Amino acid sequence: MMHDGRVVGDGSWELTVLVTDLQAERSLRVDGDMSIGNVMIKLTESLDIAMDWSDHGFWWPQRNTWLLRTHWTLDKCGVQADAQLHFTPTHKNLRVQLPDLQLVDLKVDYSIMAFNAIMTVCKMIGVRHPEELSFMRKVDERTLKRGEKRSSFKKKKGEKYSPATSANNSDASYPTTPTPSMMDGTLTTPRSASVPGSPYRSTPLTPGTPGTPSGYNTYPRVPSYNGTSPVSSSYSLSSFPDSPFSDGSNLSALSISPAKPSTEAVATLHRPKNYVDRARVNSLWLNSSRSLMEQGIRENDIILLRFKYYSFFDLNPKYDAVRINQIYEQAKWSLLTEGIECTEEEAMMFAALQLQVNLQSAMPQPDMNNANDSTDDIDAALTDLQVSLEGSAKNSAAGDITQIPELADWLRFFKPKKFTLKSYKRYWFTFKDTHLAYYHSPEEASGAPIFRVNLRGCEVTPDVNISSEKYCIKLLIPTTEGMNEVWIRADSETQYARWMAACRLAAKGKTMADATYESEVQSITSFLGLQHPKEPVPSVNISSINIEPQDFVSQRHVKKFKAKSLTTRILEAHANVANLSLMEAKLNYIKAWQALPDFGITHFVVRFRGNKKEDLLGVAFNRIMRMDLHTGDALKTWRYNSMKHWNVNWEVKEVLIEFEDERVSFACLSADCKIVHEFIGGYIFNSMRSKDQNQTLNEELFHKLTGGWETI
């Protein structure tokens, strides 16, 4: 039947499309059986404009989704007459703030998963291992404050989690997850995922499976990986002609950052006041399994690129000048904003290293890509192989390689209790395998000890003050009642370094026979050596150095000391590092940062099942910790190597983790549980990397471990 010159009653209807490049609307006569690709062809033909439309796609604002499957019909996508589509370029300009606070404008695909966009950005700027980074939203202090007023992180009565909440809601702590029915046009329920190449496979879940709540995804325990290694390769910038760094000429701007960024950039930094503040900021991480547009990011928006996973793999000065510099910058700002705490002596050491970096940055640097260095790479690889097969030279010199080294010495012991004055007592300590024991005297060492404990899975924290000759090791030992705290104090740096290295290895389940023991001792000794005050180096003209203390130490130290006193102490500490090159200074800064007790711990406010009060959850590269919300003290530690599997109930936003000896369940209150899920999966993925495996990034495995049912 004809009406106003058109056929009606044949099932066709008018589809309104906004062409964003022209800012013009077009109405197309379509029907439900027409594919997305045919609609695109019909639209471009109706425009009659000679231009390349290959980078364009349909964006559906009402559903907050891209229509990327061009072979799907409008009916299958759910597009009806009331839909208003945007025909827009998929590649748009994105303003990316790097860890050194520099802004770079890059063309990024807004229609692909955020993780794939990160891979593209890392290729553009010359950074290897994109699996260590992620995007964050720009910190908005007003939004964070609204979150603080809105919650003690408590749910309102009758409130239910709705995955259909708009991603553009500024009050939402995390972008929402699409409902299963929106994923592919059919109802998809969460199911278990198995890791390809892993010897461990999970059993598909069925409703009512004993011990597994309905609606959970299960992931297997993955202590090792025998398939394709999840390691990224080095990248060629020539394949990205749109990148401002494609010719390599601008990479020096990213490998040597400005000593002092703009005031506006510094003003955007968040300075947490407590652990709740630190946890709240972690709600800003983007979902790696969804596109930028789906998470409310629009063209020319500013987004933060940060190192999300604190497990830095294969740092090589020859290939990683940009990567090392950006890690150094992120470490520097985390200390200056008090995102991670350090002692006064450590603060002076970090300030001295930062000063050395600034001084060296103004000088010509050697070419790290010298072709003559290829033999050095071969020698280094052979040395690593020899150490891994035989152990270090010092261990080999011990004679009997079947004998596990032991320690025995006089140390002081203290077990803190409430309302008790500190009083160390001197005992004879022995360290065998992963066990620590003490006796009244060496003669009693052949008998039963006064105290003996296995340090596997414990928390080892340094408490050192060089000027007062305090060399203390704090041990938090897991027990059935909680964490048992023990303090051990050494008499010298040498003694402290050897016992501290042994404790750290024992916490990981390793003994002193491990090849890394001597290198761990050397690392601790070097770290302590950097903190010794010395006279300023005569070759450094002090009067020519303009030091503003607030640029080198946090506000806590600036308020405590006068500017002149701080400057003097920084210059004294600088004498220890004055001979370091630019790359050596940065690497020493990163190593010292990694040695801090709070390094690499990402915090979340959670409520454990069965508990009414809120707790702090700490997620690190090798463990998960239950922590005190106010003091940050570890109350319980679980390590990934004892994890069997973990599940996420997306409906009630609850995480369930099963370990060898217990099951842990909690709801995340300060962020979406998807972020916690990504951290756990990301760290397990990164732990599988190995130099001797194929250097190809296994994207499928990454998404299986971090994406949940969104990637199924």
Side-chain angles (χ1 to χ4, degrees), residues 92-108 110 114 117-118 121-122 124-125 127 133-148 168 170-171 243-245 250-273 277-278 280-286 292 295-308 322-323 325-340 350-351 354-355 357-358 361-362 546-559 563 566 586 589:
K92 302 175 186 291
N93 190 64
L94 181 67
R95 308 202 72 197
V96 181
Q97 188 195 67
L98 302 176
D100 64 353
L101 308 187
Q102 292 191 84
L103 273 177
V104 292
D105 290 332
L106 301 170
K107 281 283 186 181
V108 176
Y110 277 61
I118 292 164
V121 169
C122 288
M124 288 180 176
I125 63 177
V127 172
L133 298 96
S134 190
F135 285 138
M136 285 186 83
R137 298 181 187 276
K138 190 178 176 182
V139 178
D140 185 349
E141 297 289 347
R142 291 174 297 176
T143 302
L144 293 178
K145 287 180 181 177
R146 281 203 300 271
E148 185 176 3
N168 295 322
S170 61
D171 281 348
S243 170
F245 311 99
N250 293 330
L251 282 178
S252 59
L254 302 182
S255 60
I256 300 179
S257 305
K260 194 169 184 178
S262 66
T263 306
E264 294 79 7
V266 175
T268 63
L269 292 171
H270 179 66
R271 301 175 187 272
K273 299 176 182 176
D277 267 1
R278 297 182 191 181
R280 192 176 287 115
V281 172
N282 288 314
S283 67
L284 302 176
W285 290 106
L286 291 194
L292 297 178
Q295 300 184 70
I297 308 300
R298 298 296 180 258
E299 187 170 11
N300 292 317
D301 279 359
I302 296 177
I303 199 168
L304 313 184
L305 180 67
R306 297 291 185 267
F307 287 90
K308 179 178 181 179
V322 175
R323 180 170 167 234
N325 180 62
Q326 297 302 325
I327 294 174
Y328 157 74
E329 289 287 335
Q330 184 163 328
K332 180 183 77 176
W333 289 112
S334 70
L335 289 163
L336 295 181
T337 58
E338 299 183 44
I340 184 170
F350 284 116
Q354 182 183 336
L355 175 60
V357 169
N358 293 351
S361 297
N546 182 23
I547 296 180
E548 297 181 17
Q550 65 271 18
D551 295 335
F552 291 87
V553 296
S554 66
Q555 286 297 314
R556 177 165 61 95
H557 299 296
V558 170
K559 292 176 181 177
L566 275 176
K586 289 178 181 178
Y589 196 105

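Source: prediction; values computed, not measured.
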Value rounded to 0.5 Å, distance of [atom1] in [X] from [atom2] in [Y]:
X	Y	atom1	atom2	value
Arg306	Gln330	CZ	CD	6.5 Å
Arg298	Leu94	CZ	CG	12.5 Å
Leu101	Leu269	CG	CG	5.0 Å
Ile118	Leu286	CD1	CG	7.5 Å

Less than 4.0 angstrom from a charged side-chain N to a carboxylate O is my criterion; do Arg280 and Asp277 meet it?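 Result for this pair is yes, salt bridge flagged.
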
Ion pair Asp551/Lys260, N-O distance below 4.0 Å: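 Salt bridge flag = yes for Lys260 with Asp551.
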
Any side-chain donor near an acceptor of the partner, Lys586 and Asn325, under 3.5 Å: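 Side-chain D/A pair, Lys586 to Asn325: present.
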
Hey, are Arg137 and Gln295 close enough side-chain-wise for a donor-acceptor pair under 3.5 Å?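 Looking only at side-chain atoms, Arg137 and Gln295 do not form any donor-acceptor pair under 3.5 Å.
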
Backbone of [Y] reached by a side-chain donor or acceptor of [X] within 3.5 Å:
X	Y	value
Gln550	Gln555	no
Arg323	Ser255	no
Arg271	Gly339	no
Gln326	Leu254	yes
Gln97	Leu305	no
Tyr328	Tyr589	no

Closest non-hydrogen atom pair between Ala265 and Thr268, with its separation: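 Result for this residue pair: O-OG1, 2.5 Å.
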
Asp100 and Ser257: which non-hydrogen atoms are nearest, and at how many Å?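 Here Asp100 and Ser257 meet closest at OD2-OG, 2.6 Å.
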
